Structure formats: structure tokens, C-alpha cells
Number of protein chains: 2
Amino acid sequence: MNYNTQPIPGKPVRGSKTGQPIMVIFDLLGRNWSMGIIWHLNNGPSTFRKLQEYCENISPTTLNKRIKELTNANLIMKTLDGYTLTEQGEELFNVISPLGKWAKKWAAKNYNLK
Amino acid sequence: MNYNTQPIPGKPVRGSKTGQPIMVIFDLLGRNWSMGIIWHLNNGPSTFRKLQEYCENISPTTLNKRIKELTNANLIMKTLDGYTLTEQGEELFNVISPLGKWAKKWAAKNYNLK
DNA sequence: CATATCGCTACAATTAAAGTAGCAATGTTA
DNA sequence: TAACATTGCTACTTTAATTGTAGCGATATG
């Protein structure tokens, strides 16, 4: 089956023929670097090159794709200071943010690291 | 660079040369279907074939990879009833679970869907 | 004017995922 | 107990996503 490059609620995405919002988000955030980008932008605006640097191995091709997708989804936007989270992007960050704390606990328990 | 198939805290993963737990989780959950599998298993144990069915287009190859990765990460396990979330897997579900509610709001606001 | 930075695009190489077939093990039914 | 069904895969080919590298045009900056 052919999925849109841009996952859109109400349209077929990976995991849901009817485009259930949660599956759309999974498709969107599940792509390489999506969450990393949002995570990083929470520290403040960032340029294209800074994002590249942060996401150690991201290629400009992929970064550009992710930027377009996240922009279309109204999660990030371009400003004079560089790319930033939109209001909705910040909301999303807050929703996934507890993951950081949990990840540390999980790593400590299973891999004896903090 | 060569990353392990299995992302492990403290070892290089995509996004972090030192294997920061949050990046390890991003790497793990960012792979195709990882979150979908966890999401589905929260409804109860499931067999390999049921999971395949749920994840509409997943190939057995990929499902098997995801199962191994998530099992190694102590997030799911195999029981007589099929695959289930471990205690830590349930914890993770609870952490990402607010995403479902947020996704609906997001879809409603941006795409006029519920 | 020379140099640097930035936001990309193009394109080839590599890796991941999908799609399909099928097999061994176990369970179920007649 | 022979026949059939289901489950959990593996093997293999095809297709799609990501990486890696080079570099260009636009806008600063010295």
C-alpha cells in the first residue's frame, strides 16, 4: 500500500487505515529523529546546522524531510531565530517529557547505568 | 558509523555517542511499530499472528525483530498466553499513554477530525 | 572584496522494512 | 490416528527510507 509521506489524521497511515490520531502520531514521531528534534528544540530555537550537529548522524536530506513533516503538522516553525516549537509542539513535548525521567530509571534498573 | 541492532544505554546509539537513556529509548521506540506493539499489548496478551494482524502491514521479519528488541529491553515477554508487557513495559505505556488524548486534540485542532 | 555561515538540493551508497512463501512444532478435530 | 489448522517463525526478493558526501545560492561579517 502507498502511504502519504506526510501522515495525516483521517487518511491511511502505517498502522491505521482510517488514520486514527494516535497512529498518525506514532507514524510521525516514529520516523528517524522526529522525537530528537522536538526534544532538542525544547531547549530553545536552533538553526538547521545546529540541529544537524545535535542529531549526530542525521543527513541534511533526512533533516529537511523531518522539518517539513513537523512543520506541516504544526509542531515546529521557522522564525528569525531559527526553528522553534509551536505552541502545540511545546504541548507535545510536555506530554512526552516524562519519558526522560522514566528512561533513566529504566536504564539504571536494566543496565546498571544512570 | 555502526550501531548495534539492539540499542543499549551507555553504548552508542543514533543520537548519542554516550548512549543517554532518553536517546536509547528514542532509538528503540522510534523503530517501525515499536510503539504500536506496546500500545496494543496494553489491551492484553497477544500472539504473534494477532500482533501481525493488528499492525496491518508489518512483515513477520520486522515484527520478529521488534519483538526481540523489546524483549531484550525487558519491556515485553513471552508467556503461555502469548506476548505481554512486563512490569516495566506497563510503566512505559503509562508514561506514553497521555499521548493518545493529546493526539485527538491535535487532530481536532489541525485537521478538524475527532 | 574575501571569507564564513546557513539552508538547503542532488545524487549515489547503504540499510531497514515490506511482501511473499513456506516449514517445523504444537494443538484440534473427525 | 490421520487430517487439518494454527502458531511462531526463517528465507528470500523487492521496495522504501536513511545516510554520506559534495556543493550551490543567499545572506551576513570582516
Side-chain angles (χ1 to χ4, degrees), chain A residues 1-8 11-17 23-24 26-38 40-41 44-73 76-84, chain B residues 1-7 12-17 23-24 26-38 40-41 44-73 76-84:
Chain A
M1 192 185 291
N2 257 345
Y3 295 113
N4 290 315
T5 314
Q6 180 74 30
I8 294 175
K11 301 195 175 172
V13 295
R14 294 182 300 191
S16 169
K17 284 175 183 159
M23 296 313 293
V24 177
F26 279 176
D27 191 357
L28 193 61
L29 295 186
R31 296 171 183 198
N32 252 358
W33 296 110
S34 288
M35 287 200 286
I37 290 169
I38 287 170
H40 181 61
L41 287 185
S46 187
T47 64
F48 191 94
R49 300 243 164 163
K50 282 270 168 58
L51 274 172
Q52 261 191 296
E53 211 173 306
Y54 172 74
C55 304
E56 296 162 20
N57 295 288
I58 198 172
S59 69
T61 326
T62 308
L63 176 55
N64 197 34
K65 272 189 201 161
R66 291 301 98 83
I67 284 176
K68 279 177 184 156
E69 290 160 11
L70 294 172
T71 302
N72 285 337
I76 70 173
M77 60 185 183
K78 200 173 177 177
T79 68
L80 292 177
D81 295 328
Y83 294 99
T84 52
Chain B
M1 193 183 294
N2 257 346
Y3 295 113
N4 290 315
T5 315
Q6 180 74 30
V13 295
R14 294 182 300 192
S16 170
K17 284 174 185 160
M23 296 314 293
V24 177
F26 281 176
D27 190 356
L28 193 61
L29 296 186
R31 296 171 183 197
N32 252 358
W33 294 110
S34 288
M35 287 200 286
I37 290 169
I38 288 171
H40 181 61
L41 287 186
S46 187
T47 64
F48 191 94
R49 298 244 165 162
K50 282 268 169 59
L51 275 172
Q52 261 190 294
E53 210 174 306
Y54 172 74
C55 304
E56 296 162 18
N57 296 288
I58 197 171
S59 67
T61 324
T62 307
L63 176 55
N64 197 33
K65 273 189 201 162
R66 290 302 96 85
I67 283 175
K68 278 178 185 159
E69 289 160 11
L70 294 172
T71 302
N72 285 336
I76 70 175
M77 60 185 182
K78 201 174 178 176
T79 67
L80 291 177
D81 295 328
Y83 295 99
T84 53

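Below, read A as the first sequence line, B as the second, and so on, with proteins coming before strands; counting in each chain starts at 1. Not measured: the values here are computed from a predicted model.
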Just checking B/Lys50: base, sugar-phosphate only, or nothing, at a heavy-atom cut-off of under 4.0 Å? nothing
For [N], does either OP1 or OP2 sit under 4.0 Å from a side-chain N or O belonging to [X]?
{"X": "A/Trp33", "N": "D/dT18", "result": "no"}
{"X": "A/Lys68", "N": "C/dT9", "result": "yes"}
{"X": "B/Asn32", "N": "C/dA16", "result": "no"}
{"X": "B/Arg49", "N": "D/dA5", "result": "no"}
{"X": "A/Arg66", "N": "D/dT18", "result": "yes"}
{"X": "A/Lys65", "N": "C/dT9", "result": "no"}
{"X": "B/Thr47", "N": "D/dG8", "result": "yes"}

Return the set of residues passing side chain to side chain donor-acceptor pair (under 3.5 Å) with B/Thr71 (not counting sequence neighbours), or none when no residue passes.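 With sequence neighbours excluded, B/Thr71 shows a side chain to side chain donor-acceptor pair (under 3.5 Å) to no residue whatsoever.
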Fit a plane to each ring of B/Tyr54 and B/His40, take the angle between them on a 0 to 90° scale, and name the class: parallel (under 30°), tilted (30 to 60°) or perpendicular (over 60°). parallel
Could you say whether B/Asn64 or A/Ser59 is positioned toward the 5' end of DNA chain D, judged by the nucleotide with the nearest heavy atom to each? B/Asn64
To the nearest angstrom, the OH-C1' distance between A/Tyr54 and C/dG7 comes to 21 Å
